[in-house]
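Scroll down for the structure; my scribbles are underneath it.
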2 protein chains.
Amino acid sequence: MERIDLAVSTVIFALRPEPHRDLMTLRLPLVRRIREPYEGRWALPGGLLSPDRDLESSARATLVRTTGLTPRYLEQLYAFGGLDRSAVETGRVVSIVYWALVHADEVAQAIDSDNVEWFAVDDLPELAFDHRTIVDYAVWRLRNKMEYSRIAHGFLGETFTLAQLRQVHEAVRGSALDPANFRRQILASDAIEDTGRRLTGTSHRPPRLYRYNTAVQLADHGPLTPSKEQA
Amino acid sequence: MERIDLAVSTVIFALRPEPHRDLMTLRLPLVRRIREPYEGRWALPGGLLSPDRDLESSARATLVRTTGLTPRYLEQLYAFGGLDRSAVETGRVVSIVYWALVHADEVAQAIDSDNVEWFAVDDLPELAFDHRTIVDYAVWRLRNKMEYSRIAHGFLGETFTLAQLRQVHEAVRGSALDPANFRRQILASDAIEDTGRRLTGTSHRPPRLYRYNTAVQLADHGPLTPSKEQA
């Protein structure tokens with residue numbers, strides 16, 4: 001029987017403040033391919049499924065190796081298995097794709113290498129294989145399928161200001177929100193609560209810090225137990 | 001490198017009226033295994049990924065072969081790839097699982113065989129492999145993740161009465177709904193519209209037939225094109 005290989009890849013999203021823009025940009029890291037097919041093209045971090053790892057821990061291991069990232073939030077996105085997605089040279093590959101949201105402090109730990117670069121999702125280079133389709137699908141899921149509160153939790157730390165939370169929403173939407181309306185709606189929703197603390201810094205009126213009301217689990221796996229093996 | 005096999009399986013849901021109960025039951029077909037491992041146990045319909053088919057058409061081909069079913073609604077559910085899920089005899093298998101909703105008239109076309117049987121989801125036999133975990137996850141997704149209107153669309157035809165729609169909601173919830181409240185809420189939601197026609201039958205006051213307001217696509221694939229190859 002013809003061999004079908006199984007790969008695990010990950011779309012990793014992070015938000016980056018831009019010096020000359022109001023909105024942060026939604027970015028993802030890509031890895032430059034150093035061999036054929038598609039040598040020199042950018043691709044999602046990934047690799048063949050390790051025989052001794054489950055799917056999630058294989059995704060994590062590849063991420064550490066290629067980008068240095070260990071995202072706290074990692075969830076299965078979709079399996080891609082079309083007949084036309086692989087190059088003739090490599091034979092058929094089915095890719096199980098994960099997606100991750102990383103905080104700014106996690107991005108700072110990424111490997112600094114010529115072969116890893118962060119790109120804005122609305123300004124991507126030409127990608128290898130069908131990775132552009134995969135990225136488009138992941139961006140669509142991020143924008144449409146997750147509740148905003150959970151998205152924010154993936155990008156922010158345990159506590160955050162209302163302005164930080166609004167900036168996450170704005171970056172994922174790709175457009176600005178009215179601060180007063182946002183404030184009214186988010187406080188009315190009971191999704192977050194005041195920690196009683198304020199952001200420490202130089203301001204003489206430091207903003208309040210909020211946290212999620214309940215222990216919101218970003219990835220709701222239902223009856224599935226998330227992978228116990230964490231890289 | 002150690003070989004990892006790739007299987008495609010499907011959880012198929014249908015609703016069945018019960019003569020002595022008000023609620024319909026949520027049911028799924030299982031196939032009796034005719035070889036080791038787990039010979040004699042019930043399992044989800046599935047098989048190894050065909051080298052010449054994409055994931056969805058492989059799921060469809062297996063469904064036709066094992067159950068005779070060709071569901072209109074079929075969507076990818078999750079990929080299961082834990083290290084402990086396979087039997088030692090078969091080596092490691094990663095399963096990409098689809099789920100399907102079928103109408104009563106589709107169920108009527110199912111293969112009549114000693115090795116295929118429909119079970120109520122709350123009264124399942126012992127299943128092979130980790131298929132119980134997979135079924136539990138699929139039931140959880142059905143109950144929690146899909147909008148009710150879309151669930152109904154998967155189980156009903158193009159037009160339906162309010163009573164039929166309520167019965168679908170009740171069966172998936174597993175509990176009865178107040179007919180007057182249900183009627184008020186569903187009509188207020190603008191999800192459905194009156195077709196102007198009535199159910200033909202013996203009643204002297206036949207109930208109105210409704211349809212969805214817009215062409216609601218049950219599986220919203222976003223930028224992904226659904227498989228063109230349909231078995």
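Heavy-atom basis, side chains included; hydrogens, waters and symmetry copies ignored. So that the names make sense, note that chain A is the first sequence line, chain B the second, and so on, each numbered from 1.
- Judged by distance alone, the side chain of B:Q76 and the main-chain N or O of A:Y78 form no donor-acceptor pair under 3.5 Å.
- In terms of heavy atoms, A:L83 sits closest to B:D54 at CG-N, 4.0 Å.
- Expressed to the nearest 0.5 Å, how far CG of B:L6 lies from CZ of A:R92 amounts to 8.0 Å.
- Heavy-atom contacts from other residues, nucleotides or ligands closer than 6.0 Å to CD of B:E39 number more than 12.
- If you take CD1 on A:I4 and CZ on B:R3, they are separated by 8.5 Å, rounding to the nearest 0.5 Å.
- Contacts between A:I96 and chain B at a heavy-atom distance below 4.5 Å involve the side chain alone, from C-beta outward.
- Residues satisfying the side chain to side chain donor-acceptor pair (under 3.5 Å) test with A:N115, not counting sequence neighbours, are none.
- Annotation: salt bridge (Lys or Arg N to Asp or Glu O under 4.0 Å) contacts involving residues 93-104 of chain A, sequence neighbours excluded, are absent.
- Taking B:G81, B:A79, B:S58, B:G82 one by one and counting their heavy-atom pairs under 4.5 Å with chain A, the maximum is reached by B:A79.
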